[in-house]
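Just so it is clear, the model here is predicted, and its values are computed rather than measured. For reference, positions follow the sequence shown, starting with 1.
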Amino acid sequence: MPETALLIQLLVILMVIGAVAGVLAGLLGVGGGIVLVAAFFYSFQALGYYGEQLMQVCLATSLATIIVTSARSVLSHNKKGAVDWDVLKTWAPGIAIGALIGVLVAAQLKTRELQVIFGILAIIISAYMAFGRTQWRLGDSMPTGFARAAFSPVVGFLSVLMGIGGGSFGVPLMTLYGKPIHRAVATAAGFGLLIAVPSVVAFLFVTIEPDSRPPFTIGAVNLPAFFIVICMTLLTAPLGVKLAHRMNPAPLKRVFAVFLFIVALNMIRKAVWG
């Protein structure tokens, strides 16, 4: 396929992916990463990339977009006084360390292994989205001491292995420990920055083989995917927010949970049976 034709196809696909991810993020409050990783994977495969490091490119590129979207989200939430800076400051070291460990582990795994991990974790997240209840509690305040030292790296580690920000693990964790949902969402946006910044810097130094490297990939980060998706999500996320105010997002969240469950199962199927 001519290089120009390949780039045009990639451009169109990424514009659609970014637009959909932006609407879903605004409408359902889910991080774009959980949509982007799977979308990147299937898109890059459709363009002829099947290498053993393809999932690393998908994870790293998704995390790169999270730097921008999380920063924008934190600034917006902070204007409303919703960000719990005490939680961010005390959880930051553990989350960042866990994220870096996640990159080290991901760099050693093959695409099929990362697909299975992504699929299993996505099934867990989809189940929580479908059946989780806001009144569930593990405690009345966020963990401190040894419990915080154990939980915080796990949040960073698992998020990197899925290529997502802090929302999918951080929001449930904080609400289970008594944080109001709006503060949990706002603070989890900060988790996203703590996860994405160190992990993306580390992914820039990962060497990717040609059969897993779409055009204009630096380290494991694909630059066209990053820039196009960021532009589209910034345009369409406000539309998703407007739709969320006009309808009840709860049933849509359950529908998305089913969709995510199917995507996760398909990821595992492709990893196991090809």
Side-chain angles (χ1 to χ4, degrees), residues 17 21 30-66 95-129 150-170 192 195-196 198-214 217-222 225-226 257 259-274:
I17 290 170
V30 298
I34 206 164
V35 178
L36 292 177
V37 171
F40 286 155
F41 179 79
Y42 293 123
S43 300
F44 290 147
Q45 274 204 337
L47 294 174
Y49 295 93
Y50 293 92
E52 294 290 356
Q53 294 176 295
L54 183 59
M55 273 294 284
Q56 294 171 9
V57 175
C58 299
L59 299 177
T61 306
S62 172
L63 287 164
T65 68
I66 289 166
I95 289 174
I97 290 170
L100 289 173
I101 295 172
V103 175
L104 293 175
V105 172
Q108 303 304 314
L109 298 177
K110 295 181 179 180
T111 284
R112 289 190 175 186
E113 295 163 338
L114 287 170
Q115 282 178 266
V116 172
I117 292 170
F118 179 92
I120 292 171
L121 293 176
I123 288 172
I124 294 171
I125 292 170
S126 68
Y128 188 85
M129 288 180 67
F151 276 130
S152 56
V154 171
V155 170
F157 177 75
L158 295 180
S159 296
V160 167
L161 290 185
M162 287 195 73
I164 61 178
S168 294
F169 295 113
I195 292 162
S199 63
V200 169
V201 171
F203 268 125
L204 288 173
F205 294 94
V206 174
T207 301
I208 302 296
E209 297 299 321
D211 58 350
S212 299
R213 191 173 66 238
T217 297
I218 296 180
V221 179
N222 183 256
F226 167 71
F259 167 75
L260 180 60
F261 181 77
I262 294 170
V263 170
L265 286 181
N266 191 52
M267 272 280 195
I268 295 172
R269 180 192 65 80
K270 288 178 71 70
V272 176
W273 290 289

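Without hydrogens or angle criteria, Ser62 side chain to Leu59 main chain gives no donor-acceptor distance under 3.5 Å. In this structure, Gln53 contributes its side chain and Thr207 its backbone to a donor-acceptor pair below 3.5 Å.
Side-chain contact between Val37 and Met162 is absent, with no heavy-atom pair separated by less than 4.5 Å. Side-chain contact between Leu265 and Phe261: present, with at least one pair of heavy atoms (C-beta onward) separated by less than 4.5 Å. Using a 4.5 Å heavy-atom cutoff, the side chains of Phe203 and Val57 are not in contact. Put simply, the side chain of Lys270 reaches to within 4.5 Å of the side chain of Tyr42, judged on heavy atoms. Inter-residue side-chain proximity for Leu47 and Pro214 is flagged as unmet; no heavy-atom pair is nearer than 4.5 Å. Ile123 places a side-chain heavy atom less than 4.5 Å from the side chain of Ile268.
In this structure, Thr61 and Ala220 approach most closely via the heavy-atom pair OG1-O, 3.7 Å. Between Phe169 and Ser159, the closest heavy-atom pair is CD1-OG, 3.5 Å. Across all their heavy atoms, Tyr50 and Gln45 have their closest contact at OH-O, 3.2 Å. When all heavy atoms of Leu100 and Pro198 are compared, the closest pair comes out as CD2-O, 3.5 Å. In this structure, Ala64 and Phe226 approach most closely via the heavy-atom pair O-CE1, 3.1 Å. Pairing each heavy atom of Ser212 with each of Glu52, the nearest pair is OG-N, 3.4 Å.
Note that the OH atom of Tyr49 and the OG1 atom of Thr111 stand 14.0 Å from one another [nearest 0.5 Å]. The line from CD1 of Ile66 to CG of Leu36 is 7.5 Å long, rounded to the nearest 0.5 Å. For the atom pair CG of Leu54 and CG of Asp211, the computed distance is 9.0 Å after rounding to the nearest 0.5 Å. Note that CD1 of Ile120 and CG of Leu161 are 11.5 Å apart. Values are rounded to the nearest 0.5 Å. With rounding to the nearest 0.5 angstrom, the CD atom of Gln115 is 12.0 Å from the CG atom of Leu109. Interatomic distance, Ile95 CD1 to Ser199 OG, rounded to the nearest 0.5 Å: 12.0 Å.
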Inset, instruction - For the pair Phe44 and Asn222, evaluate side chain to side chain contact (heavy atoms under 4.5 Å, CB included) and give the outcome as yes or no after the intermediate values. - result: CA-CA 11 Å; Phe44 290 147; Asn222 183 256; 4.1 Å; yes
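The residue from Leu104, Ile195, Val155 that alone fulfils the side chain to side chain contact (heavy atoms under 4.5 Å, CB included) condition with Val160 is Ile195.
Taking a 6.0 Å sphere around CZ of Phe259, one finds it holds 12 or fewer heavy atoms contributed by other residues, nucleotides or ligands.
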